Protein chains: 2
Amino acid sequence: MLKQERHNYILEEVRKQNKVLSSELSQKLSVSEDTIRRDLKELSDVGQIKKVHGGAMQNGYIPFSHKDREIYAHEEKVTIVRKAIQLIQDDSVVVMDGGTTNLELTRQLPLDLKATVFTNSLPIALQLSEHPGVETIFMGGKILRNAQVAVGLDVINFVADIHADICFIGTRSIHHVIGITDFDREETQTKQALISCARQVVSMPLSEKLNTTQPFKVSPIERVHTIITELAPDNPLLDNYRKAGLQIL
Amino acid sequence: MLKQERHNYILEEVRKQNKVLSSELSQKLSVSEDTIRRDLKELSDVGQIKKVHGGAMQNGYIPFSHKDREIYAHEEKVTIVRKAIQLIQDDSVVVMDGGTTNLELTRQLPLDLKATVFTNSLPIALQLSEHPGVETIFMGGKILRNAQVAVGLDVINFVADIHADICFIGTRSIHHVIGITDFDREETQTKQALISCARQVVSMPLSEKLNTTQPFKVSPIERVHTIITELAPDNPLLDNYRKAGLQIL
DNA sequence: AATACACATGCATGTTTGTGCATATTTAGT
DNA sequence: ACTAAATATGCACAAACATGCATGTGTATT
């Protein structure tokens, strides 16, 4: 076993249990306690863990996990989803499209939320399985490699039987006249189906996506009920949408 | 063997195993360890892998890699799936049930495999989206929180339209008379559907699962064509299955 | 065809690194 | 303060390493 492997294992263990004992590690990795101590010292020297007598503990708080950092404009998206959460009542039926904003929304859902969530996004479905009160139903079909969402006829058929309270639709572009647009034809058709089955349709674009367009039309603006951005609701950028009768959060 | 071929092999190996040892590579590729070290150095210099003492490891953080480490009896399962890979031909249609062994099989699939894979497991679908030649279709339905697989009528209906070449069925218990059994009723029913749509059914139990049983019956032994364990095919523990007419790998 | 040249590879060399053990010292908990 | 466990330190040894050099192999130039 490579030294690096031990280090990874130790870090993993610290992350999971908050502490490790030299003696246990020595046994589990079948090396001497001296070696473990040296490992712990090295990891401690670069600030990955905190060495204590008998083992090591978690160091500081890691501000954002790796995945969080990957999300583009993470801070803004958190602002958005904070506002979105209030839209989800207990016992409601939710349709959740893919996209990083929706994934973040899923992450931030209260753990005690009781709801039924339909989704076609693999990462979102995985995230939902950590919410004990949420019944998750995955709408199957062909998986788009990049977006990691299911699309196509299978999904569309699936949706046909659903009457949801609210649908969070992933939004690549939105325009106050043209509505929501996207660039993948298959994904577009699927999104249309998602939208058609929900009483309330919510779009959560970053402000930079406002009044941009893509080749394919997902939905006219009238079909969208609520729009949430990281901006304050009274921001002038949103005036056109307010005039069009949308709820702004 | 050309240098470039070695490099490809090494990268593939790192992707699959998370690490490589100079000594092993030297043997397997029958070149000196010096050459391997030079290879690793070159790959490391361009950032493809990370060189460490004794070998190399994968470079960046790979999501879910920490979960892989947690897989029970990981070594044995790698042994199993190595044998299983040869069963998957290019352009075949595969049905992949959930479970850690099947997940490992998915991870070890060659990156250039061309195939269509139906699965009801979220982690497996995610893994498959990293294989450019694989068309992934997720069979949707209610998600079981623990197993992270879809079950129920939706899946069963989905399967009805499929005629697959081969089905890898997750196996919690198998018995040479009783067949495959499991403890979750809904999962059991789903597995029955998966089995019914494939020409060849493959079960990959750890040897410790042989001749154990669970409350619910998934499949009679006659419906299983191939059984793969970490044991050598001629191990006496497998005699009963051989007599029952199963292919043993 | 002959030559030059770049490159890949294996081997010999001396060096560095990782590990375990023995010993002395420090620490934490009664 | 006393004691057992944990730690630090020095040492020994093997494995992994870098380096220079000789050989082979293929390609381009004359």
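All values below were derived from every heavy atom in this structure, side-chain atoms included, with hydrogens, water molecules and symmetry-related copies excluded. Because the structure is a prediction, the values reported are computed rather than measured.
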Rounded to whole angstroms, how far apart are [atom1] on [X] and [atom2] on [N]?
X: Leu29(B); N: dT9(C); atom1: CG; atom2: P; answer: 11 Å
X: Glu42(A); N: dA8(D); atom1: CD; atom2: C1'; answer: 15 Å
X: Asp34(B); N: dA22(D); atom1: CG; atom2: P; answer: 17 Å
X: Arg38(B); N: dT9(C); atom1: CZ; atom2: P; answer: 8 Å
X: Ile36(B); N: dC11(C); atom1: CD1; atom2: P; answer: 14 Å
X: Leu25(B); N: dC17(D); atom1: CG; atom2: P; answer: 11 Å
X: His53(B); N: dA14(D); atom1: NE2; atom2: C1'; answer: 10 Å
X: Leu21(A); N: dA28(C); atom1: CG; atom2: P; answer: 15 Å

Quick one: label Lys51(A) by what it contacts on the DNA or RNA (base, sugar-phosphate, nothing), any heavy atom closer than 4.0 Å.
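Contact class for Lys51(A): sugar-phosphate only.
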
Using a 4.0 Å heavy-atom cut-off across all strands, classify Ser23(A) as base, sugar-phosphate, or nothing.
nothing

So, OP1 or OP2 of dC17(D): does either fall under 4.0 Å of a side-chain N or O from Ser22(B)?
yes

Thr35(B) vs dG10(C): side-chain N/O to OP1/OP2 distance below 4.0 Å:
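For dG10(C), OP1/OP2 do have a side-chain N/O of Thr35(B) under 4.0 Å.
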
Is any N or O donor-acceptor pair between the side chain of Arg6(A) and the base of dG18(C) shorter than 3.5 Å?
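When only heavy-atom distances are counted, Arg6(A) does not reach the base of dG18(C) through any donor-acceptor pair under 3.5 Å.
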
Salt-bridge criterion met for [X] and [Y] (N-O under 4.0 Å):
X: Lys114(B); Y: Asp90(B); result: no
X: Arg199(B); Y: Asp165(B); result: yes
X: Lys41(B); Y: Asp45(B); result: yes

Counting only side-chain heavy atoms from C-beta out, which of dA8(D), dG18(C), dA18(D) sits nearest to Arg37(B)?
dA18(D)

Among Arg37(A), Lys3(A), Arg6(A), Lys51(A), which residue satisfies the salt bridge (charged side-chain N to carboxylate O under 4.0 Å, His left out) criterion with Glu42(A)?
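Only one of Arg37(A), Lys3(A), Arg6(A), Lys51(A) forms a salt bridge (charged side-chain N to carboxylate O under 4.0 Å, His left out) with Glu42(A), namely Lys3(A).
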
May I ask you to decide if the ring planes of Phe138(A) and Phe138(B) are parallel, tilted or perpendicular, using 30° and 60° as cut-offs?
tilted

